[in-house]
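Before any comments, here is the structure.
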Protein chains: 2
Amino acid sequence: MSKFDQIIKLSGYSRATVSRVINHSPHVSDEARAKITAIMEQLNYIPNRNAVSLSTGQTKQIGMVMANTNEVVLAFLERFIDIAMDYGFQTIIYTTREDKTSELRAFEDLRSKRVDGLVIITCVNDPKMLKTYCQYGPIVSWQRMGNDEIPSIAMDQGMGYTLALEHLVKRGYTHIANMFGRADSLNTRSRREAYEQFMESQGLPVRRDWYHYSVFTSANGEQIVQQWMAEQELPQAVLCANDYVAIGMLSEARRQGIEVPEQLAIVGFDDSELSRTLGITTIRNPIGDQAVHAFYRLWEVLGQEHIEPKRLEYELIARETT
Amino acid sequence: MSKFDQIIKLSGYSRATVSRVINHSPHVSDEARAKITAIMEQLNYIPNRNAVSLSTGQTKQIGMVMANTNEVVLAFLERFIDIAMDYGFQTIIYTTREDKTSELRAFEDLRSKRVDGLVIITCVNDPKMLKTYCQYGPIVSWQRMGNDEIPSIAMDQGMGYTLALEHLVKRGYTHIANMFGRADSLNTRSRREAYEQFMESQGLPVRRDWYHYSVFTSANGEQIVQQWMAEQELPQAVLCANDYVAIGMLSEARRQGIEVPEQLAIVGFDDSELSRTLGITTIRNPIGDQAVHAFYRLWEVLGQEHIEPKRLEYELIARETT
DNA sequence: TTGTAAGCGTTATCAT
DNA sequence: ATGATAACGCTTACAA
């Protein structure tokens with residue numbers, strides 16, 4: 001006999017009344033509440049969440065989908081878990097390694113009612129195919145999807161990028177290289193457009209030969225600097241996909257005896273803790289706030305309550321590398 | 001009518017046979033399997049995992065408990081999620097901010113059958129009180145618990161520490177400072193004992209005035225260097241709680257014009273990606289492998305199958321800061 | 001190989 | 001305020 005049934009038996013009340021006490025329903029006499037509560041405590045009772053989930057159709061779990069975990073993702077993840085917990089939701093992490101089948105498992109988990117909603121950090125499946133899952137629960141994306149079905153809470157990185165460009169040009173750097181992330185992502189496109197538009201507007205050279213793609217890690221950053229040294233041509237400045245790329249470039253530049261910022265100015269992206277430690281100029285990216293926005297979007301659908309998010313902006317943080 | 005019932009009706013088979021097909025039981029005729037499978041696909045059927053969990057008593061979810069997320073934890077988390085997924089388990093992250101009540105929620109989730117098992121990364125509640133939860137499911141810890149009820153897969157960090165000490169002394173650094181983590185943790189105790197024992201065995205000075213506690217972040221590392229400069233006394237070498245502390249120290253040392261390693265040698269811990277990028281001497285800590293061990297320990301109880309873990313060891317990685 | 005029927009532990013809808 | 005009863009969707013003895 002389950003503890004629930006024991007409570008029924010010991011208290012003499014019905015299944016329904018016991019349930020009401022558990023869920024703090026007001027329609028219970030003080031007498032019943034006191035008696036049932038006492039027995040619950042005595043039995044060290046705790047509801048079985050699978051039974052609750054089956055009955056209510058809600059798991060109070062949100063899935064978070066990402067290709068890999070890294071420091072940038074970590075900032076989002078940490079804040080999201082926190083805010084979700086505040087609203088009574090747990091967070092399940094799905095790492096996909098960019099494998100479409102593996103990624104699909106997360107979406108199937110929405111369908112099978114394992115999670116109530118999904119946040120996409122990065123995804124590799126075609127948005128067109130993913131949108132069929134929207135019927136099973138709310139989905140919101142950090143990555144820009146270029147798809148109306150799956151809303152994105154991403155900010156336009158081109159805005160931040162322009163801040164960095166203005167800063168560089170003001171300081172006299174005009175030959176600028178760009179380290180992009182995923183070649184086909186909307187963020188990359190947005191950054192690239194910002195760069196080209198800004199340079200043209202200033203009558204400055206657009207150096208497409210200094211575009212590098214798939215530059216994500218500090219190791220990638222190091223490699224590019226080595227490559228430049230081998231080719232014996234250095235830009236005056238470089239805009240990096242994130243701070244970790246900037247760290248790699250800065251470190252390798254020092255190793256190679258390149259003066260920073262005199263011979264090479266470096267700008268990161270995100271304003272991570274380490275960019276401050278290492279004195280890297282960067283663009284502050286309110287990642288945690290975006291995580292909160294993401295949860296609010298889900299909550300809106302799940303909890304039927306609109307929360308107006310605060311307006312977010314990029315900000316240039318000038319340090320020693322420019 | 002649920003899809004399950006629809007399948008029963010459409011196929012003409014019973015509830016049990018349909019269930020057998022879903023679960024790939026061999027005791028089904030090819031005919032039945034074919035027919036039921038076809039209908040399942042036609043209906044786009046997927047089992048409701050809450051119902052499965054309620055019925056089987058298993059959620060196929062593991063909870064991971066930690067005070068905060070950081071880069072060191074990330075290495076563990078990433079590998080754990082991966083290996084768990086390989087075995088069909090999802091991972092739920094519980095961040096506690098060192099709040100006991102919040103931490104307890106994770107343990108209550110074990111009791112309420114939300115998760116099948118728990119991995120503790122860091123925990124703040126008294127192990128004595130936590131062990132009452134062991135009856136509800138397997139618990140394994142990365143942090144050393146000093147408690148037989150909750151097994152730990154931690155390695156003895158003193159071993160790694162000694163490696164670093166031998167390296168430093170061999171290179172002529174004898175005045176050594178120690179940056180510890182949590183003052184009362186077993187890891188800290190183990191490192192401190194390794195230091196004191198090694199120094200005494202070599203007839204070298206044990207500098208307790210150069211013990212610093214609660215040094216976790218790069219910012220903490222920077223502060224200590226600033227403090228030393230203010231006090232105008234520098235050790236010859238410093239052993240850091242982790243690589244991020246080392247990064248902070250290295251960065252601040254450069255800022256202050258301190259020559260590394262001539263005036264100050266720096267050793268990190270963990271061998272994170274950035275320690276390589278920045279050329280920091282460190283101790284390789286097989287964190288990912290420990291995550292795998294942790295899962296194996298849980299699996300052993302959950303899946304009734306013993307997996308012999310491979311033996312793990314620390315290794316000194318000499319780079320430019322020593 | 002297949003079927004029957006009893007769980008699993010709650011919530012929710014009606015009545016009363 | 002309380003109770004009876006039917007979901008919720010699946011698994012699993014036990015029988016046949």
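By convention in this document, chain letters (A, B, ...) are assigned in the order of the sequence lines, proteins followed by strands, and residues within each chain are numbered from 1. Predicted, not measured: the structure shown is a model, and the values here were computed from it.
Residues from residues 32-40 of chain B with heavy atoms under 4.0 angstrom of DNA chain D: there are none.
The side-chain hydrogen bond (donor to acceptor under 3.5 Å, both in side chains) test applied to B:R297 returns B:E300, not counting sequence neighbours. Qualifying side-chain hydrogen bond (donor to acceptor under 3.5 Å, both in side chains) partners for B:S53, counting only residues two or more places apart in sequence or in other chains: A:R114.
In the helix from C:dT1-D:dA16 to C:dT16-D:dA1, the rotation axis of the first five pairs and that of the last five pairs differ in direction by 30°, rounded to 10 degrees.
Listed by first and then second residue, the salt bridge (Lys or Arg N to Asp or Glu O under 4.0 Å) pairs involving residues 122-140 of chain B amount to none (not counting sequence neighbours).
Not one N or O on the side chain of B:T188 forms a donor-acceptor pair closer than 3.5 Å with the backbone of B:A183. Listed for the A:E103 side chain is a donor-acceptor partner under 3.5 Å among the backbone atoms of A:N125.
OP1 or OP2 of D:dG3 has at least one side-chain nitrogen or oxygen of A:T17 nearer than 4.0 Å.
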(message) Can you build the contact string for nucleotides 10-16 of chain C? Use B for base contact, S for sugar-phosphate-only contact, and - for no protein heavy atom under 4.0 Å.
(response) BBB----
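For the pair B:R49 CZ and C:dC8 C1', the interatomic distance rounds to 17 Å; values are reported in whole Å. Here the P atom of nucleotide D:dG9 and the CZ atom of A:R114 are 15 Å apart, to the nearest Å.
Aromatic ring pairs are classed by plane angle as parallel below 30°, tilted from 30° to 60° and perpendicular above 60°; the pair A:F76 and A:W142 is parallel.
A:Y296 is listed as a side-chain neighbour of A:I83, based on a closest heavy-atom distance under 4.5 Å.
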(message) Under the criterion salt bridge (Lys or Arg N to Asp or Glu O under 4.0 Å), I'd like the reasoning laid out for B:R15 against B:D5: C-alpha separation, chi angles, the key distance, then a yes or no.
(response) CA-CA 8 Å; B:R15 178 168 240 75; B:D5 287 324; 3.0 Å; yes
